[in-house]
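One structure below.
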Amino acid sequence: MFIGTTHQEPDMSTRVPSERLAAFLWEHHANPWSGWTRVFAFPVLVYAVLTRRRRLLVAAVAAVAVNPVVIPQPDDARAWTSDVVQAERYWVDNGEDGAVLRALDVAVLPITVGALSAAYRKKPRSAAVLTALSMALKFAFVSALVRHYEAATAETADRTDDAP
C-alpha cells in the first residue's frame, strides 16, 4: 500500500494472483522515477519513429514495458507523480467517470496517434507540435484527475468523521 494514502488494500492472502500483480505494478509505478521516465518516453518514441532509429524505438518500448517491474516501490508517496498514480488507481478501482476527465482522457488518444503518424510521415514540425499538445493534454488530464481524487477522498473522510 502507498504510504500516506486512503486506498485500502485487501489482505494479500485473500487476493488472486492477478490482483497481487496489479497491486505490485501500481505500487512500483507510484515511484516518481517510474512516472517521469514514462513522461519522457513518449518524445523519445516519436523521435525514434521520425529518425527511423529502430534500436532507440525498441529501447523506448522496452523501457516503458519493464518500468514498473525494475523501478522499486517508493519509500514514501509524497511526490506529485505518486499522487497521479494514486488518483489513476482510485479512478480505475471506483469507476469514477467525470465528464471533464473523460473528455481529456479521450482527447489525448487521437493527438498521440497524430504525433506518431506525423513522425512516421517524416513531418518533424507536425510531430513536435502534436507531441507537445499530447503531453500538455495528458498533464491537464492527470492534474484534473488528482484534483478529483483529492475531492473524492476528502468527501469520504468527511463522511467517516461525521459518522456516529
Side-chain angles (χ1 to χ4, degrees), residues 2-5 7 18 21-154:
F2 303 135
I3 297 171
T5 69
H7 185 83
S18 63
L21 176 62
F24 172 86
L25 294 175
W26 279 116
E27 289 162 0
H28 288 245
H29 186 44
N31 188 318
W33 281 100
S34 176
W36 288 115
T37 55
R38 285 175 168 263
V39 166
F40 293 112
F42 182 61
V44 170
L45 183 67
V46 171
Y47 179 76
V49 171
L50 179 68
T51 59
R52 308 298 195 258
R53 295 187 178 173
R54 288 187 180 148
R55 286 186 181 156
L56 184 59
L57 177 65
V58 169
V61 170
V64 169
V66 302
N67 179 301
V69 176
V70 299
I71 293 179
Q73 182 176 350
D75 292 332
D76 67 63
R78 291 184 289 226
W80 180 77
T81 53
S82 298
D83 292 346
V84 168
V85 173
Q86 291 173 36
E88 287 174 323
R89 186 174 189 183
Y90 179 84
W91 198 40
V92 168
D93 288 351
N94 293 290
E96 297 293 328
D97 192 9
V100 172
L101 289 174
R102 183 61 61 204
L104 286 168
D105 192 28
V106 169
V108 172
L109 182 61
I111 294 167
T112 300
V113 170
L116 290 167
S117 175
Y120 180 77
R121 291 178 290 129
K122 291 193 161 250
K123 296 189 174 199
R125 285 189 181 126
S126 296
V129 168
L130 290 169
T131 298
L133 183 57
S134 172
M135 292 181 72
L137 282 172
K138 183 65 174 179
F139 277 115
F141 168 69
V142 296
S143 293
L145 191 60
V146 168
R147 287 191 305 275
H148 176 78
Y149 167 73
E150 289 171 346
T153 55

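A donor-acceptor contact shorter than 3.5 Å is absent between the side chain of Ser117 and the backbone of Val113. With Arg52 contributing its side chain and Tyr120 its backbone, the two residues share a donor-acceptor pair below 3.5 Å.
Considering all non-hydrogen atoms of both residues, Leu130 and Ile111 come closest at O-CG2, 3.4 Å. Considering all non-hydrogen atoms of both residues, Val108 and Lys138 come closest at CG2-N, 3.8 Å. Closest heavy-atom contact between Lys123 and Leu50: N-CD1, 4.1 Å. For the pair Ala127 and Ala118, the tightest heavy-atom approach, listed with the atom from each and the gap, is N-CB, 3.6 Å.
Using bins of under 30°, 30° to 60° and over 60° for the plane-to-plane angle, the ring pair Tyr90/Tyr149 lands in the perpendicular bin.
For Ser134, the side-chain hydrogen bond (donor to acceptor under 3.5 Å, both in side chains) criterion is met by Thr112, not counting sequence neighbours. Listed by chain and residue number, Asn67 satisfy the side-chain hydrogen bond (donor to acceptor under 3.5 Å, both in side chains) test with Thr37 (two or more places apart in sequence, or in another chain).
For CZ of Phe42, the number of neighbouring non-hydrogen atoms (other residues, nucleotides, ligands) closer than 6.0 Å is greater than 12.
Atom CD of Glu150 and atom CG of Leu145 lie 10.0 Å apart (nearest 0.5 Å). How far CG of Leu45 is from OG1 of Thr131: 9.0 Å, rounded to the nearest 0.5 Å.
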